[in-house]
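In the text below, chain A, chain B and the rest are named by the order of the sequence lines, each starting its count at 1.
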There are 4 protein chains.
Amino acid sequence: MYLRIQPTSEIPIYTQLIYQIKKGIIKKELMPGESLPSVRSLASDIGINLHTVNKAYKLLVEEGVLVQQKKGFMVNPSVNLMMKEDQFKAFREKLEELIIDARIFNVSDEVLMDLKTEIMKILKESDEDDVV
Amino acid sequence: MYLRIQPTSEIPIYTQLIYQIKKGIIKKELMPGESLPSVRSLASDIGINLHTVNKAYKLLVEEGVLVQQKKGFMVNPSVNLMMKEDQFKAFREKLEELIIDARIFNVSDEVLMDLKTEIMKILKESDEDDVV
Amino acid sequence: MYLRIQPTSEIPIYTQLIYQIKKGIIKKELMPGESLPSVRSLASDIGINLHTVNKAYKLLVEEGVLVQQKKGFMVNPSVNLMMKEDQFKAFREKLEELIIDARIFNVSDEVLMDLKTEIMKILKESDEDDVV
Amino acid sequence: MYLRIQPTSEIPIYTQLIYQIKKGIIKKELMPGESLPSVRSLASDIGINLHTVNKAYKLLVEEGVLVQQKKGFMVNPSVNLMMKEDQFKAFREKLEELIIDARIFNVSDEVLMDLKTEIMKILKESDEDDVV
DNA sequence: GTGGTCTAGACCACC
DNA sequence: GTGGTCTAGACCACA
């Protein structure tokens, strides 16, 4: 799995990392039960501090996306994750902001659909990619 | 227009304010060309810091939603706002994160649609409200 | 409130801090809704690193003992806290270990009771202390 | 004697092993003077590392629960074990933490008693089991 | 002035 | 070799 981190982005590095990992899971580059690289090795691989990686991993455990073993972290083997209440509230909030901005800045439904399909394509499983 | 600010929310107050104002515009409680309350009065009205209101107004000017006059701020009289490049990139990023989380946490299309219609209802024009 | 940290103890500093704060709440030296010292000031007061204090505060928020505001942390104003499932399991585990050790090392019921009353005394409210 | 080790538990394996052995002694599945399985065989039996078993045995010797013979370990034939000072301090500390958490999280005396009787039942001698 | 983020580097516990 | 703990110190966002 390739992780692309933009150090200059406004989005905190640990947040970028969280979504990169989630993406990997959706794309089935990371399977349930699969181990993640160690905090230290991933940190040195992508050139960031180990604490930053650790924070991302811990938050993903908190969300239930990863589980921590005695040695290292792995993708939660259980398939059916659910948002916690607070998380869902934040999700709703984010969606509301998105809709508001779409309305204020006159983003057409067409553009929205294009965006969605573009994103869906990125999240497509790698295997499907080959088939296509 | 009523502005509801939650000081305890994890969302920065200036961000809340920005979206409250955008909401007001969508609901036509604030019309193009209409003046906004002065920084001072709004700050004291909703009991927040003057700098916070100022920051929200400035950012809205930056986005083109408001325009600054010699004295105070008003809603941009021009109707067709468009996102700038950076803004659109952030918008896309936010959408991607939402979709990723929806996929990871198995948010059903049903729930998503419910959320959307719920949000749309909130953004309905006050006039329509009367009709109903 | 006085916080006594033993840097040489086997118990991690942040854990000691957590229990010191809980003690303060039980003794009513910290009341529901009361603000805690800032991460930085507490850290410098007791001569430890700010990240260590921050970790303790965050974990207490996680447990529901503290809540985080825009600015600083405060004791959860709500009175009825409950353990989460995992926490209760750990609690039970700890109790089991304690009972096992008491049995193995022939700790008499008398000694146990003495310990309990001694601990209870420490946790007594300061006000009662004066009365007595 | 059956040893149940949970490799995924957050409790270190050597600690789990220590308490499993103590449990065996309390339940009289392991009698004073009885030999324990060799480090090697136990390690392979329960599928854990050799060093982990060794560490558990060594610590139990340290506590006086086991004694080391020329060849292998056996349960201390002496019946009246006592805690050393440090151990007792740790015991007291653990009890204090338990009491604090019970108070903070409003664990009722009822629940506490239920927990205790539940644990006592687990520690009942196997013979008594038969009687019942 | 508050916490948030990030870095660099050290020592320790567990397996 | 894995994560856990702790320290020191820097820059930033928010109010």
task = Please say which of D/Val67, D/Asn76, D/Leu66 ends up in a side-chain contact (heavy atoms from CB on, under 4.5 Å) with D/Val61.
result = D/Leu66
request  = Report yes if some heavy atom in the side chain of B/Leu60 is under 4.5 Å from a heavy atom in the side chain of B/Phe73; otherwise report no.
outcome  = no
ask   = Do any side-chain nitrogens or oxygens of C/Asn54 fall under 4.0 Å of OP1 or OP2 in E/dG4?
value = yes
Spacing of A/Leu66 atom CG relative to F/dT2 atom C1', expressed in whole Å = 16 Å
key: A/Leu42 CG - E/dT7 P separation (whole Å)   = 12 Å
message = Measuring to OP1 and OP2 of E/dG4, would you say a side-chain N or O of C/Gln68 lies under 4.0 angstrom away?
response = yes
ask   = Would D/Lys22 count as a cation-pi partner of D/Tyr19, with NZ or CZ less than 6.0 Å from the six-membered ring centre and within 45° of the ring normal?
value = yes
Distance test, side-chain N/O of C/Lys58 to OP1/OP2 of E/dG4, below 4.0 Å = yes
task = Let me know the distance between CD of B/Glu10 and P of E/dG4, rounded to the nearest Å.
result = 11 Å
ask   = Which letter, B, S or -, goes with each nucleotide of nucleotides 10-15 of chain E from 5' to 3', with contact meaning a protein heavy atom under 4.0 Å?
value = BB--SS
task = Could you check D/Lys55 against D/Leu17 for side-chain contact (heavy atoms from CB on, under 4.5 Å), going step by step and ending with a plain yes or no?
result = CA-CA 10 Å; D/Lys55 178 165 186 176; D/Leu17 196 47; over 6 Å; no
ask   = Tell me, which stems hold DNA chain E, with a stem being 3 or more Watson-Crick or G-U pairs in a row and both distances under 3.5 Å?
value = E:1-14 with F:1-14
ask   = Atom CG of C/Leu17 and atom P of F/dT7: how far apart are they, to the nearest Å?
value = 11 Å
CG-CD distance between D/Asp101 and D/Glu96, expressed to the nearest 0.5 angstrom = 11.0 Å
key: Heavy-atom side-chain proximity of A/Gln69 to A/Ser35 below 4.5 angstrom   = yes
ask   = Where do D/Leu59 and D/Val65 land on the side-chain contact (heavy atoms from CB on, under 4.5 Å) test, with the steps shown first?
value = CA-CA 9 Å; D/Leu59 284 170; D/Val65 175; over 6 Å; no
query = Starting at CD1 of B/Ile46 and ending at P of F/dA15, how long is that distance when rounded to a whole Å?
reply = 12 Å
ask   = Do any of residues 89-97 of chain C sit with a heavy atom less than 4.0 Å from DNA chain E, and if so which?
value = none
query = Given side chains that start at C-beta, do those of B/Ile119 and A/Arg92 come closer than 4.5 Å, heavy atoms only?
reply = yes
message = Less than 4.5 Å apart, side chain to side chain, heavy atoms only: is that true for A/Glu62 and C/Glu62?
response = yes
ask   = Which is it for D/Tyr14 and D/Val53 under the side-chain contact (heavy atoms from CB on, under 4.5 Å) test, yes or no, and what are the steps along the way?
value = CA-CA 6 Å; D/Tyr14 77 90; D/Val53 176; over 6 Å; no
request  = Measure the distance from OH on C/Tyr57 to P on E/dT2 and round it to the nearest whole Å.
outcome  = 11 Å
Nearest-Å distance for atom pair CD/P, residues A/Gln16 and E/dT5 = 13 Å
key: Minimum-distance pair of heavy atoms, taken over all atoms of A/Ala90 and B/Glu10   = CB-OE2, 4.3 Å
